[in-house]
Amino acid sequence: MTILITGVSTSIGLPTATLLLEHGHRGFGTVRKLSDAEHLSQHPAFSALKMDVTDRESIRSAIATIKASNVPLHAVINNAGVAISGPLETLAEEDYRWQLEVNVFGVMAVCQESLPLLHAAREAGETNVKIINVSSVSGHLSNPFTSMYSASKFALRAITDGMRRELLPFGIDVVSISP
């Protein structure tokens with residue numbers, strides 16, 4: 001399987017990409033700085049893509065690179081995200097807007113740009129085609145000082161639920177995981 005994973009530089013993305021490569025999958029992993037993917041880039045089945053989920057043109061460029069590889073894209077793991085905490089009373093507007101931009105609108109943009117490749121894989125007879133959105137337990141329960149993070153993850157769960165129902169007839173599974 002060929003899998004696109006956003007945000008492979010640290011945290012959940014790095015060990016996920018490593019595990020998938022160890023199990024024989026091909027991976028395209030996104031980072032904002034290519035140097036952040038040096039460890040993974042040593043694997044022959046991994047390709048680092050410089051991409052920012054808040055920049056539609058960089059997403060399009062990354063997807064074009066995957067398309068040019070002439071391998072079917074089986075899955076997208078939307079892992080890139082940010083967590084900015086603080087009291088709502090004083091949380092800076094640019095911080096809460098940035099959090100929504102990355103955690104909600106960035107995921108939507110990656111889904112929209114990658115779906116033509118996922119549809120093409122299904123039409124070519126590929127199975128197990130899916131989108132996996134990394135949410136959080138904070139998308140189920142909001143806590144003090146992380147309300148805006150929770151809001152972004154609640155939104156992601158709602159989008160995932162709707163997208164799952166929209167893409168079900170096309171054989172593309174859409175799931176949310178909540179570490």
Side-chain angles (χ1 to χ4, degrees), residues 1-14 16-21 23-34 36-37 40-41 43 45-82 100-136 139 152-153 155-179:
M1 283 181 55
T2 302
I3 302 164
L4 167 63
I5 307 173
T6 65
V8 298
S9 60
T10 60
S11 192
I12 294 170
L14 178 59
T16 300
T18 302
L19 184 67
L20 290 169
L21 291 168
H23 282 86
H25 300 289
R26 178 174 179 167
F28 288 92
T30 73
V31 289
R32 286 182 289 158
K33 296 182 301 190
L34 287 176
D36 289 343
L40 290 169
S41 293
H43 196 287
F46 179 81
S47 299
L49 300 171
K50 186 176 178 184
M51 188 182 91
D52 179 342
V53 299
T54 67
D55 178 351
R56 186 66 79 134
E57 284 308 312
S58 79
I59 298 168
R60 286 182 179 136
S61 177
I63 297 301
T65 299
I66 295 169
K67 184 176 182 178
S69 74
N70 290 318
V71 295
L73 181 63
H74 297 91
V76 174
I77 301 174
N78 283 300
N79 171 68
V82 295
L100 291 171
E101 190 67 36
V102 173
N103 296 353
V104 179
F105 304 122
V107 170
M108 278 297 305
V110 171
C111 287
Q112 288 177 331
E113 296 299 331
S114 63
L115 270 164
L117 296 183
L118 296 174
H119 280 296
R122 283 294 297 138
E123 290 166 8
E126 298 290 338
T127 59
N128 202 20
V129 176
K130 64 183 67 233
I131 295 171
I132 301 170
N133 292 329
V134 179
S135 184
S136 169
S152 72
K153 295 303 184 172
L156 182 56
R157 282 185 48 232
I159 290 166
T160 301
D161 189 41
M163 191 176 292
R164 177 174 33 83
R165 294 167 193 239
E166 291 175 12
L167 295 174
L168 186 63
F170 300 99
I172 298 173
D173 194 21
V174 184
V175 298
S176 173
I177 60 169
S178 298

Contact check, side chains of F170 and H119, non-hydrogen atoms, under 4.5 Å: yes
Distance-minimising heavy-atom pair for L118 and L73: CD2-O, 3.4 Å
4.5 Å side-chain heavy-atom contact, H74 and N128: no
Trace of the side-chain contact (heavy atoms from CB on, under 4.5 Å) decision for T2 with F28: CA-CA 8 Å; T2 302; F28 288 92; 3.6 Å; yes
L20 side, atom CG; I3 side, atom CD1 - distance, nearest 0.5 Å: 4.5 Å
Closest approach of A17 to L40 (non-hydrogen atoms, all atoms of both residues): CB-CD1, 3.9 Å
K50, NZ atom: more than 12 neighbouring heavy atoms under 6.0 Å: no
Closest non-hydrogen atom pair, K153 against S136: CG-CB, 3.9 Å
Gap between atom CG of L4 and atom CE of M51 - 0.5 Å precision: 6.0 Å
The single option from N79, N78, N103 passing side chain to side chain donor-acceptor pair (under 3.5 Å) against N133: N78
Least distance between heavy atoms, A45 atom then H25 atom: CB-O, 3.8 Å
Heavy-atom closest contact (S114 atom, V76 atom, distance): OG-CG2, 3.5 Å
Student check: side-chain heavy atoms of T160 and S135 closer than 4.5 Å: no
Gap separating the CG atom of D52 from the OG1 atom of T6, nearest 0.5 angstrom: 11.0 Å
Atom pair OG (S58) and CD (E113), whose distance is rounded to the nearest 0.5 Å: 10.0 Å
Side-chain heavy-atom pair I159, V107 within 4.5 angstrom cut-off: no
Over 12 foreign heavy atoms within 6.0 Å of CZ, R164: yes
Nearest-0.5 Å distance, CD of residue E57 to CD1 of residue I59: 9.5 Å
Over all atoms of both residues, closest heavy-atom pair of V129 and A121: CG2-CB, 4.2 Å
salt_bridge(D161, R165) N-O dist < 4.0 Å: yes
Heavy-atom check, side chain of L167 versus side chain of L115, under 4.5 Å: yes
Atom pair CE (M163) and OG (S176), whose distance is rounded to the nearest 0.5 Å: 11.5 Å
pair V110-T30: side-chain heavy atoms closer than 4.5 Å: no
Test item: C111 and I131 side chains (from C-beta on) under 4.5 Å apart, heavy atoms: yes
V134 side chain near T16 side chain, heavy-atom distance below 4.5 Å: no
